[in-house]
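Take a look at the structure below.
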2 protein chains.
Amino acid sequence: MLDKTLRMNYLFDFYQSLLTQKQRKYMSLYYLDDFSLGEIAEEFDVSRQAVYDNIKRTEAMLEGYENKLKLLFKFEQRTDLMARLRTLIHQKATPEEVLSLLDTLEKLD
Amino acid sequence: MLDKTLRMNYLFDFYQSLLTQKQRKYMSLYYLDDFSLGEIAEEFDVSRQAVYDNIKRTEAMLEGYENKLKLLFKFEQRTDLMARLRTLIHQKATPEEVLSLLDTLEKLD
């Protein structure tokens with residue numbers, strides 16, 4: 001399991017297009033630029049609590065999208081298979097072995 | 001460009017988890033089971049127009065999700081690269097050629 005910040009970075013990467021502009025802005029400052037809640041609150045002239053609530057809601061939305069679409073999960077599976085594929089090719093595996101792994105990779109979609 | 005029915009089948013496949021149960025039901029009867037609007041209307045005891053409006057709205061939602069997430073577009077690109085990869089392997093290409101195509105494949109995400 002990825003640590004929370006890394007996981008949120010990934011989920012944000014996959015699903016940010018489904019968020020509102022304000023959600024994107026807060027998440028990006030908090031998770032990518034490492035702003036504190038207080039700094040974001042000051043920047044947008046709102047309360048620290050408002051920023052906190054917004055970010056918590058957005059995190060729940062991102063997890064909700066991941067539950068439904070599983071883009072991060074599939075990405076991790078694909079990344080793992082790609083690494084195994086590279087190893088096979090470096091080890092000069094037979095075409096049959098490589099093709100069989102390609103079949104597995106294609107079935108992930 | 002895919003024909004409309006095939007495209008909707010794909011989009012439905014990728015994004016159905018984001019639809020309501022009713023939207024899923026109508027879309028699945030209309031696009032997968034080839035029911036007519038009239039048959040769906042009768043099944044659910046609603047007007048043909050209501051079914052039509054619901055399906056049109058759902059189609060627009062699916063296109064909206066595709067505009068944002070591009071899952072079908074990336075799937076098509078990946079499928080194309082996988083086919084080229086298979087050809088390379090069948091032709092006993094060098095490991096360098098295969099690895100270079102794998103790099104391209106990985107960059108799609």
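Predicted model, so just to flag it, every value in this text is computed and none were measured. Just so we're on the same page: letters track the sequence lines, and every chain starts at 1.
Residues of residues 66-78 of chain B lying under 4.5 angstrom from chain A, judged on non-hydrogen atoms, are Lys68(B), Leu69(B), Leu71(B), Phe75(B), Arg78(B) in numerical order. Chain A is approached within less than 4.5 Å, heavy atom to heavy atom, by no residue from residues 33-62 of chain B. Taking 4.5 Å as the heavy-atom cut-off, the residues of residues 79-101 of chain B that approach chain A are Thr79(B), Met82(B), Leu85(B), Arg86(B), Ile89(B), His90(B), Lys92(B), Pro95(B), Val98(B), Leu99(B), ordered by number.
Under the rule for a ring pair (Phe, Tyr, Trp, His ring centres under 6.0 Å), Phe12(A) has no partner lying at least two apart in sequence or in another chain.
Counting heavy atoms of neighbouring residues, nucleotides and ligands inside a 6.0 Å radius, atom OH of Tyr30(A) does not exceed 12 of them.
Note on Leu32(B): it clusters hydrophobically with Leu18(B), by side-chain heavy-atom contacts below 4.5 Å among ILVMFWY residues. One hydrophobic cluster, built from ILVMFWY side chains closer than 4.5 Å, holds both Leu29(B) and Leu6(B).
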